[in-house]
**Student:** 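Sharing a structure below in structure tokens format, with a few things to ask.
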2 protein chains.
Amino acid sequence: MKHIAESTVRRLSRYLRFLEGEEELGAETISSDDLATLGGTTSAQVRKDLSFFGSFGTRGRGYSVPALARRIREILGLEREWRVVIVGAGRVGAALAQYRGFRERRFNVVAAYDADPARIGTSLNGIVVRDQRTLDADLQALNPGIVLIAVPPEAAQPIVDRVARAGVRGILNFAPTALRVPDGVVVRSVDMALELEILAYALTAAK
Amino acid sequence: MKHIAESTVRRLSRYLRFLEGEEELGAETISSDDLATLGGTTSAQVRKDLSFFGSFGTRGRGYSVPALARRIREILGLEREWRVVIVGAGRVGAALAQYRGFRERRFNVVAAYDADPARIGTSLNGIVVRDQRTLDADLQALNPGIVLIAVPPEAAQPIVDRVARAGVRGILNFAPTALRVPDGVVVRSVDMALELEILAYALTAAK
DNA sequence: CTAATCTTGTGAAATGATTCACAAGCCCCG
DNA sequence: CGGGGCTTGTGAATCATTTCACAAGATTAG
Ligand SMILES: NC(=O)c1ccc[n+]([C@@H]2O[C@H](COP(=O)([O-])OP(=O)(O)OC[C@H]3O[C@@H](n4cnc5c(N)ncnc54)[C@H](O)[C@@H]3O)[C@@H](O)[C@H]2O)c1
Ligand SMILES: NC(=O)c1ccc[n+]([C@@H]2O[C@H](COP(=O)([O-])OP(=O)(O)OC[C@H]3O[C@@H](n4cnc5c(N)ncnc54)[C@H](O)[C@@H]3O)[C@@H](O)[C@H]2O)c1
């Protein structure tokens with residue numbers, strides 16, 4: 001498959017949200033123009049995004065809402081369950097562990113780890129926090145598709161190295177630090193402080 | 001000023017992190033090549049990014065670490081204090097309110113609001129959670145540059161409307177929903193579920 | 001059945017971002 | 001003080017993404 005731009009994948013994911021909303025409202029079909037309006041883009045962009053993966057619409061009618069939703073879920077890899085492990089059960093890690101929106105999308109948090117004895121053994125929505133020293137040995141059995149990292153910045157790289165060595169291929173990092181990963185491992189970062197700074201720039205430059 | 005790409009602003013913000021790290025280590029100068037290595041980009045990219053704002057380096061030597069850091073802070077609008085109000089003091093809102101990294105960057109959380117009587121009156125690191133019904137009246141005096149929204153998705157748009165009406169120009173939204181804002185108001189969203197889905201796609205398509 | 005109306009799918013054009021490549025400036029050594 | 005070695009700053013070239021524009025298929029009304 002030809003390489004798909006991240007911007008396209010991001011929009012597909014948004015289209016899916018809108019489609020699921022429309023599905024609940026009972027809509028049967030939707031046009032690229034409607035999707036564009038909901039998503040703040042243009043109808044040509046919507047059609048181009050979809051065209052990378054095939055042609056799912058009917059000229060004159062638009063797209064079948066349930067069929068397109070299913071197809072996008074398939075494209076994004078959301079038709080399966082994803083096993084997720086959280087490392088770092090502090091404020092961010094605990095929020096992630098308890099977030100219901102993940103489970104709705106079949107991202108199942110199967111374990112959480114921390115280094116702090118005060119946290120180990122506590123329960124987050126039924127997930128008992130384990131000692132990070134057992135992480136490496138546990139990973140074999142847990143076999144997570146994705147690991148979320150919510151530890152302090154200086155602890156993040158060692159965790160990456162450990163989970164990558166155990167065969168984990170996907171990492172979502174919340175620590176504000178750059179991470180090195182071996183080939184074949186995908187790491188993405190959510191950096192809230194960075195987003196604030198980009199916002200500060202936008203407000204400052206807008207004068 | 002000519003329009004600057006978001007990708008450029010994002011990189012500038014990262015360069016600043018590295019510069020501050022180097023500054024602590026006592027480095028006096030740094031080359032575009034060093035910055036590129038730290039940031040996972042190319043030296044040409046670094047120089048191009050900086051060139052939009054002027055020329056700060058010395059041929060043959062590189063950039064003065066403290067001078068460049070200061071200049072980037074100035075560009076990003078980080079030389080001032082930013083007053084920040086948080087709406088929604090749930091798990092995410094509480095994590096944000098207690099995060100020390102924001103204060104280090106002079107993003108000062110001056111108030112937090114919630115709708116839940118059980119939360120109102122509780123204290124988050126010295127910030128007492130207030131009743132959201134007083135938000136509109138309070139905003140005048142609080143005069144925040146930025147509002148962080150951490151309420152459930154269906155509550156987000158009304159909050160946006162209210163704070164925008166009160167004159168707030170910058171919003172960072174954590175709810176997984178599209179938001180409409182009047183002209184002149186900048187809204188950015190941090191959507192963790194979306195990031196997970198993009199990661200799922202990358203893992204699925206990499207086969 | 002025909003005409004008018006929609007809406008998709010997609011090459012081609014336009015716009016935007018990154019990479020290349022190198023002249024020019026600066027430093028340091030001898 | 002001259003030459004070699006670095007490193008910046010920046011047009012030009014390349015690569016990527018978005019927008020345009022329209023033929024072609026589908027639907028609806030009469
Ligand atoms: N709180 C926020 O709103 C916020 C915002 C932006 C970024 N962040 C970043 O997110 C990360 C987590 O932030 P937080 O506020 O949850 O911090 P926190 O201190 O509440 O939680 C971090 C947790 O990681 C644990 N930990 C430390 N080393 C570990 C290791 N080696 N293995 C396992 N667990 C370990 C600690 O015991 C702690 O419980 C940090 O990198 C922070 O910079 C947080
Ligand atoms: N927890 C996570 O890890 C996570 C991950 C991704 C996205 N999110 C999103 O972030 C947002 C917050 O999530 P959370 O986990 O903190 O939820 P939460 O339920 O813990 O917190 C939401 C808070 O908002 C308050 N609230 C509701 N309506 C309000 C109003 N009108 N004004 C003021 N406060 C109001 C509630 O009382 C509650 O305390 C949600 O939109 C959620 O979808 C959370």
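Everything numeric here is computed off the predicted structure, so don't read it as measured data. Quick note on labels: first sequence line is chain A, next is B, and so on, each numbered from 1.
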**Student:** Which nucleotide in the set D/dT17, D/dT8, C/dT10 lies at the smallest distance from any side-chain heavy atom of A/Ala5?
**Tutor:** D/dT17

**Student:** Report which part of the nucleic acid B/Phe52 touches: base, sugar-phosphate, or nothing (heavy-atom distance under 4.0 Å, all strands).
**Tutor:** nothing

**Student:** Does D/dT8 have OP1 or OP2 sitting under 4.0 Å from an N or O in the side chain of B/Ser32?
**Tutor:** yes

**Student:** If we ignore hydrogens and angles and just use 3.5 Å, is the side chain of B/Trp82 paired with the main-chain N or O of B/Gly77 as donor and acceptor?
**Tutor:** yes

**Student:** Grab the CG-C1' distance between A/Asp49 and C/dG9 for me, whole Å please.
**Tutor:** 13 Å

**Student:** Rounded to whole Å, how long is the line connecting atom CZ of B/Phe56 with atom P of D/dT8?
**Tutor:** 13 Å

**Student:** Rounded to whole angstrom units, what separation is found between the CD atom of A/Glu6 and the C1' atom of C/dA17?
**Tutor:** 15 Å

**Student:** Without hydrogens or angle criteria, can the side chains of B/Asp34 and B/Thr37 be said to hold a donor-acceptor pair below 3.5 Å?
**Tutor:** no

**Student:** Side-chain N or O of B/Tyr63 less than 4.0 angstrom from OP1 or OP2 on D/dC6?
**Tutor:** no

**Student:** Are side-chain N/O atoms of B/Ser32 and B/Arg47 paired as donor and acceptor at under 3.5 Å?
**Tutor:** yes

**Student:** Atom CZ of B/Arg47 to atom C1' of C/dC20: distance rounded to whole Å?
**Tutor:** 10 Å

**Student:** For the side chain of A/Arg11, starting at C-beta, report the closest nucleotide among D/dT18, C/dC20, D/dG9.
**Tutor:** D/dT18

**Student:** Take atom CD of B/Glu28 and atom P of D/dT7, then tell me their distance rounded to the nearest Å.
**Tutor:** 16 Å

**Student:** Using a distance-only criterion (donor-acceptor N/O pair, under 3.5 Å, no hydrogens), is the base of D/dT8 paired with the side chain of B/Arg59?
**Tutor:** yes

**Student:** May I ask you to decide if A/Gly184's main-chain N or O and A/Arg169's side chain share a donor-acceptor pair within less than 3.5 Å?
**Tutor:** yes

**Student:** Which part of the nucleic acid, if any, lies within contact of A/Arg61, taking any heavy atom under 4.0 Å across all strands shown: a base, the sugar-phosphate backbone alone, or nothing?
**Tutor:** sugar-phosphate

**Student:** Let me know, please, whether A/Gln45 or A/Gly60 comes out on the 5' side of the other along DNA chain D by nearest nucleotide.
**Tutor:** A/Gln45

**Student:** A/Thr42 has a side chain; which of C/dT10, D/dT19, D/dT10 sits nearest to it?
**Tutor:** D/dT19

**Student:** Using a 4.0 Å heavy-atom cut-off across all strands, classify B/Thr41 as base, sugar-phosphate, or nothing.
**Tutor:** nothing

**Student:** Using a 4.0 Å heavy-atom cut-off across all strands, classify B/Ser7 as base, sugar-phosphate, or nothing.
**Tutor:** sugar-phosphate

**Student:** For B/Asn108 and B/Val110, indicate whether the former's side chain and the latter's backbone hold a donor-acceptor pair under 3.5 Å.
**Tutor:** no

**Student:** Would you mind reading off the distance between B/Arg10 atom CZ and C/dT18 atom C1', rounded to a whole angstrom?
**Tutor:** 17 Å

**Student:** Nearest whole angstrom, please: distance from the P of C/dT15 to the NZ of B/Lys2.
**Tutor:** 14 Å

**Student:** Return the value, rounded to whole Å, for the distance between atom CZ of B/Phe53 and atom P of D/dT10.
**Tutor:** 14 Å

**Student:** Can you identify which nucleotide, out of D/dT19, D/dT10, D/dT18, has its nearest atom closest to the B/Lys48 side chain?
**Tutor:** D/dT10

